[in-house]
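It should be emphasised that the depicted structure is a prediction, and the values quoted were computed from it without experimental measurement.
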Amino acid sequence: VGLVGCGGRGTQAVIDMFRGDEATEIVAMGDAFEDRLEGSLRRLRGMAQYADRVKVEPDKRFVGFDAYKKVINSGVDVVFLATPPGW
């Protein structure tokens, strides 16, 4: 799974995904702001029960207003769009 929008809404969507299906992993993330992305990644990796399913390598972390395009084109099967309304 790839995530676009790494604030609270996106982070919680990934947690809900982990709870709903044990066969899922997050492999790509994108956000307009690097601190949001890194904060979300830290939070997800800090959850011991899900840490092994967070497989976002540095080359799959996308920052900027075009990050959504890069997540979509990163080879993921599903993309969560969790940006604020208006983005």
**Q** Do E38 and L41 have side chains that get closer than 4.5 Å, going by heavy atoms?
**A** yes
**Q** Would you find a donor on one side and an acceptor on the other, under 3.5 Å apart, between the side chain of R61 and the backbone of V56?
**A** yes
**Q** Kindly say whether C6 contributes a backbone atom to a donor-acceptor pair with the side chain of D31 at under 3.5 angstrom?
**A** yes
**Q** V27 and L3: same hydrophobic cluster, using ILVMFWY side-chain contacts below 4.5 Å?
**A** no
**Q** Can you give me the closest heavy-atom contact between A51 and R45, atom names plus distance?
**A** CB-O, 3.3 Å
**Q** Taking a hydrophobic cluster as the set of Ile, Leu, Val, Met, Phe, Trp and Tyr residues connected by side-chain heavy atoms closer than 4.5 Å, whether directly or through intermediates, do F65 and M29 fall within one such cluster?
**A** no
**Q** Could you tell me which non-hydrogen atom of A82 sits nearest to which non-hydrogen atom of G10, and how far apart they are?
**A** CB-CA, 3.4 Å
**Q** Just verifying a value: how many Å separate Y50 OH and E22 CD, rounded to the nearest 0.5 Å?
**A** 9.0 Å
**Q** Hey, what do you get for OG1 (T11) to CD1 (I26), rounding to the nearest 0.5 Å?
**A**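 The OG1 atom of T11 sits 8.5 Å away from the CD1 atom of I26.
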**Q** Begin from the C-alpha positions of R43 and Q12 and carry the test side chain to side chain contact (heavy atoms under 4.5 Å, CB included) through to its verdict.
**A** CA-CA 10 Å; R43 181 171 175 210; Q12 188 60 50; 3.9 Å; yes
**Q** Transitively linked via ILVMFWY side-chain contacts under 4.5 Å: L37 with V14?
**A** yes
**Q** So which atom in R53 and which in M17 form the shortest heavy-atom distance, rounded to 0.1 Å?
**A**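 The pair with the smallest heavy-atom distance is NH2-O, 4.3 Å.
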**Q** Any side-chain to backbone donor/acceptor pair from R9 onto T83? Under 3.5 Å, distance only.
**A**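 Present.
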**Q** Using side-chain heavy atoms (C-beta onward) and a distance below 4.5 Å, is V54 in contact with F18?
**A**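 Result yes, sub-4.5 Å side-chain heavy-atom pair found.
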**Q** Do V76 and V1 have side chains that get closer than 4.5 Å, going by heavy atoms?
**A** no
**Q** Quick one: CD1 on I72 to CZ on F62, what's the gap to the nearest 0.5 Å?
**A**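 Taking CD1 in I72 and CZ in F62, the distance rounds to 11.0 Å.
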**Q** Please find the pair of heavy atoms, one from A13 and one from F80, that lie closest to each other, and give the distance.
**A** O-CE1, 3.7 Å
**Q** Checking K60 side chain against S74 main chain: does a donor-acceptor pair fall under 3.5 Å?
**A**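 Yes.
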